[in-house]
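Quantities reported herein were computed from a predicted structural model and do not represent experimental measurements.
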Amino acid sequence: MERIKNLWFDGNRIYMRSTEGRVLSRPLEAYPELKEASTEQRNDYTIEDDGRAIRWEAIDADMHISSFYETTEPNDENEVARMFKRLPWLNVSEVARAVGINKSLLARYIYGISKPSEQRVLQIRATLHEFARELQTV
């Protein structure tokens, strides 16, 4: 069974070399916790679960080797990304909290790594409209 031998970061990607010598990579947009982490935090990891998982204790993040097998690349040409491009000052954490989802999931929607359901898109839009109504009262 393939295991993680080592990993490194270059640009906006994380790379993994397996015990079989394969090199696989994923965009950091797929892992918002890592994208936002400092170089020191990114490099402070442990390989666990007999080489099948990586743990970043300082940022409370985990990744399984199977994540490297995913082939979806970022595509910010989607409705959620357009909302955040129009309003770049929006705080992703606060919007996620108001919607009732994890910040990482909302970031994956924004980067096009994950596709939200139509209901979720409507929920995000409704949350932004509520924020706008609150701003009008200031």
Side-chain angles (χ1 to χ4, degrees):
M1 176 187 254
E2 192 168 35
R3 308 249 190 259
I4 300 164
K5 182 175 180 179
N6 68 325
L7 61 95
W8 67 96
F9 297 87
D10 189 15
N12 282 324
R13 297 190 76 83
I14 181 174
Y15 292 84
M16 182 270 300
R17 183 180 319 278
S18 75
T19 53
E20 266 112 69
R22 288 199 315 157
V23 174
L24 303 169
S25 76
R26 295 292 296 135
L28 287 179
E29 287 86 356
Y31 311 99
E33 301 92 343
L34 293 173
K35 184 170 177 62
E36 294 175 2
S38 68
T39 300
E40 181 178 274
Q41 289 171 319
R42 287 180 191 165
N43 290 326
D44 184 21
Y45 65 88
T46 55
I47 298 175
E48 300 180 348
D49 192 22
D50 195 30
R52 293 183 297 241
I54 310 152
R55 172 79 181 147
W56 289 267
E57 190 66 37
I59 59 171
D60 191 26
D62 299 284
M63 184 185 300
H64 191 268
I65 190 171
S66 60
S67 297
F68 287 98
Y69 304 143
E70 175 62 46
T71 59
T72 305
E73 290 292 321
N75 178 3
D76 63 1
E77 292 302 316
N78 65 73
E79 186 172 357
V80 176
R82 283 190 292 277
M83 291 177 205
F84 281 81
K85 282 180 187 174
R86 286 188 60 209
L87 307 165
W89 45 265
L90 281 173
N91 181 308
V92 176
S93 295
E94 288 302 313
V95 174
R97 184 192 57 73
V99 172
I101 61 175
N102 183 286
K103 173 187 173 186
S104 297
L105 179 58
L106 181 55
R108 287 192 299 270
Y109 292 159
I110 294 167
Y111 292 121
I113 296 293
S114 296
K115 182 175 172 47
S117 66
E118 185 57 37
Q119 180 181 353
R120 180 72 78 196
V121 171
L122 293 173
Q123 189 179 19
I124 293 167
R125 188 181 302 128
T127 298
L128 295 179
H129 287 167
E130 181 59 34
F131 283 178
R133 282 189 289 279
E134 288 180 32
L135 284 171
Q136 288 177 337
T137 65
V138 175

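Using modelled atom types and a 3.5 Å distance limit, the side chains of T72 and E70 yield a donor-acceptor pair. For the residue pair Q123/R120, the side-chain donor-acceptor check at 3.5 Å is satisfied.
Under the 30°/60° scheme for interplanar angles, the aromatic rings of W8 and Y15 are found to lie parallel.
Taking 4.5 Å as the limit, some side-chain heavy atom of I65 sits within range of a side-chain heavy atom of M16. A 4.5 Å side-chain heavy-atom check between F9 and I14 finds at least one atom pair inside the cut-off. At a threshold of 4.5 Å between non-hydrogen side-chain atoms, the residues L24 and Y69 count as touching. For the pair R52 and R3, the minimum side-chain heavy-atom distance is below 4.5 Å.
Atom NZ of K5 sits in a sparse spot, with 12 or fewer heavy atoms from other residues, nucleotides or ligands closer than 6.0 Å.
A side-chain hydrogen bond (donor to acceptor under 3.5 Å, both in side chains) with R55 is found for exactly one of D60, D44, T46, namely D60. None of R42, Q41, K103 except one satisfies the side-chain hydrogen bond (donor to acceptor under 3.5 Å, both in side chains) rule with E36; the exception is K103.
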Would you please test M83 and V121 for side-chain contact (heavy atoms from CB on, under 4.5 Å) and show each step? CA-CA 10 Å; M83 291 177 205; V121 171; 3.9 Å; yes
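Closest of all the heavy-atom pairs between R108 and A30 is CD-O, 3.6 Å.
From E57, atom CD reaches atom OH of Y45 across 15.5 Å, with rounding to the nearest 0.5 Å.
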